[in-house]
There are 2 protein chains.
Amino acid sequence: MKISAKGEYALRAVLQLALDHHRQEVTSMQEIAQSQEIPLKFLEQILLTLKKAGLVGSKRGNAGGYYLAKGPDQITVGEVLRITDGPVMTLACISSPMGCERQTRCFFHPLWQEVNSTVEGIIFSTTFADLCGRPRGYMYYI
Amino acid sequence: MKISAKGEYALRAVLQLALDHHRQEVTSMQEIAQSQEIPLKFLEQILLTLKKAGLVGSKRGNAGGYYLAKGPDQITVGEVLRITDGPVMTLACISSPMGCERQTRCFFHPLWQEVNSTVEGIIFSTTFADLCGRPRGYMYYI
DNA sequence: CAATAACCAAGCAATTTAGTCGGAATTAAC
DNA sequence: GTTAATTCCGACTAAATTGCTTGGTTATTG
């Protein structure tokens with residue numbers, strides 16, 4: 001499970017939009033880039049692909065910006081990650097349409113299936129609403 | 001969860017050694033490379049790192065080869081993969097010794113912890129003995 | 001019309017990946 | 001003790017991927 005910088009940035013960008021979702025305005029790339037510490041022009045690319053995928057919407061021109069296309073409870077971590085980083089599990093044995101031709105690959109097949117479906121089970125059921133309204137790790141309240 | 005060619009080859013190589021484990025001889029790289037379709041010189045590198053890690057042993061010279069340092073029921077898929085591909089989960093939030101300094105990263109921390117420990121739970125409990133004596137996927141018995 | 005923003009296409013340096021090349025050291029068999 | 005088979009070792013390299021940057025164009029608001 002390797003998450004690229006691109007993937008991490010995408011998640012943080014969507015998180016920011018989720019946090020800003022209650023106010024009825026768009027959030028500019030500038031704001032996202034600053035509050036989430038993401039290189040602006042890289043973020044631009046990322047938001048564009050997220051838009052093409054229908055996850056976010058945008059308003060152009062002055063006072064423009066981005067917004068979530070769906071509610072934060074309708075967008076999962078898995079969705080975002082699949083758009084930016086591709087399929088969760090990349091292995092010839094799993095991803096090839098033929099399945100496994102080679103005998104020995106099939107020794108591993110059931111294992112990868114299990115790993116894949118387990119991970120997908122987690123990340124495709126975790127929404128950004130879940131993330132926002134969840135106690136965060138390593139935080140101590142006095 | 002991206003498994004590199006190196007990682008996949010390593011798993012297949014160890015699998016071959018596990019399959020050959022009952023006969024009390026070493027298996028040469030040649031044999032492994034041929035039966036598992038692994039480029040010989042690449043396999044060489046891989047077996048060398050597996051050896052340094054103490055997973056396999058070798059016998060040099062004529063009629064030499066490799067053997068498992070432990071029984072197939074003592075070697076897990078996770079062990080092999082960690083040697084060749086590094087840690088299961090690579091993300092600043094998880095791997096940095098500091099934990100998360102940035103606030104927003106911590107939104108994701110519990111999620112990554114869960115994914116990480118779940119995947120590790122699977123691959124570090126699956127041994128090569130398990131793989132060998134398990135019905136393989138996509139096989140139909142008449 | 002000027003400022004502010006999203007949109008778009010390319011390019012690019014560094015890193016990683018997936019190997020290859022050439023040889024040295026070791027062992028068994030003859 | 002020479003030869004053939006084999007592991008060991010270090011360097012090299014081509015291609016792909018990653019993580020951006022550059023330089024614009026187009027749309028919207030005031």
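Throughout, a chain's letter reflects where its sequence line sits, starting with A, and its residues are numbered from 1.
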| query | Do we see a donor-acceptor contact under 3.5 Å between the side chains of Thr127(B) and Asp73(B)? | reply | no
| Rounded to the nearest Å, what distance is computed from the NZ atom of residue Lys51(B) to the C1' atom of nucleotide dA25(C)? | 12 Å
| request: Apply side chain to side chain donor-acceptor pair (under 3.5 Å) to Thr84(B) and list each qualifying residue two or more places apart in sequence or on a separate chain. | output: none
Name the atoms and distances for all side-chain donor-acceptor pairs under 3.5 Å in residues 38-50 of chain B, with sequence neighbours left out.
| from | atom 1 | to | atom 2 | distance (Å) |
| --- | --- | --- | --- | --- |
| Lys41(B) | NZ | Glu44(B) | OE1 | 3.2 |
| Thr49(B) | OG1 | Ile46(B) | O | 2.8 |

| request: Not counting sequence neighbours, list each pair that qualifies as a ring pair (Phe, Tyr, Trp, His ring centres under 6.0 Å) and has a residue in residues 11-37 of chain A. | output: none
| remark: So the contacted stretch of DNA chain D, first to last nucleotide with an atom under 4.0 Å from a non-hydrogen atom of chain A, runs from dG19(D) to dT29(D)
| salt bridge (charged side-chain N to carboxylate O under 4.0 Å, His left out) partners of Glu31(A), counting only residues at least two apart | Arg23(A)
Scan nucleotides 26-30 of chain C against the protein and return all N/O pairs shorter than 3.5 Å with their distances rounded to 0.1 Å.
| from | atom 1 | to | atom 2 | distance (Å) |
| --- | --- | --- | --- | --- |
| dT26(C) | O2 | Gly61(B) | N | 3.4 |
| dT27(C) | O2 | Asn62(B) | N | 2.9 |

Would you tabulate the pairs of protein nitrogen or oxygen atoms and nucleotide nitrogen or oxygen atoms of nucleotides 18-22 of chain C closer than 3.5 angstrom?
| from | atom 1 | to | atom 2 | distance (Å) |
| --- | --- | --- | --- | --- |
| dA18(C) | OP2 | Ala5(B) | N | 3.2 |
| dG19(C) | OP2 | Tyr9(B) | OH | 3.0 |
| dG19(C) | O6 | Gln45(B) | NE2 | 3.3 |
| dT20(C) | O4 | Gln45(B) | NE2 | 2.6 |
| dG22(C) | O6 | Lys41(B) | NZ | 2.5 |

| query | Would you say dT4(C) has OP1 or OP2 under 4.0 Å from some side-chain N or O of Ser28(A)? | reply | no
| request: Enumerate the residue pairs fulfilling salt bridge (Lys or Arg N to Asp or Glu O under 4.0 Å) with a member in residues 106-115 of chain A, sequence neighbours excluded, ordered by first and then second residue. | output: none
| remark: Between Phe128(B) and the options Leu17(B), Thr76(B), Val14(B), Leu19(B), the side chain to side chain contact (heavy atoms under 4.5 Å, CB included) test singles out Val14(B)
| Residues in side chain to side chain donor-acceptor pair (under 3.5 Å) with Asp85(B), at least two apart? | Ser4(B)
| task | Applying side chain to side chain contact (heavy atoms under 4.5 Å, CB included), name anything that partners Thr126(B), two or more places apart in sequence or on another chain. | result | Leu111(A), Val77(B), Ile122(B), Asp130(B), Leu131(B), Arg134(B)
| request: Check the distance between dA6(C)'s P and Leu47(A)'s CG and give it to me in whole angstrom. | output: 8 Å
Report all side-chain donor-acceptor pairs from residues 57-72 of chain A shorter than 3.5 Å, counting only partners two or more places apart or in another chain.
| from | atom 1 | to | atom 2 | distance (Å) |
| --- | --- | --- | --- | --- |
| Ser58(A) | OG | Lys51(A) | NZ | 3.0 |
| Lys70(A) | NZ | Glu79(A) | OE2 | 2.9 |

| query | Can you check the Asp85(B) CG to dT17(C) C1' distance for me, whole Å? | reply | 11 Å
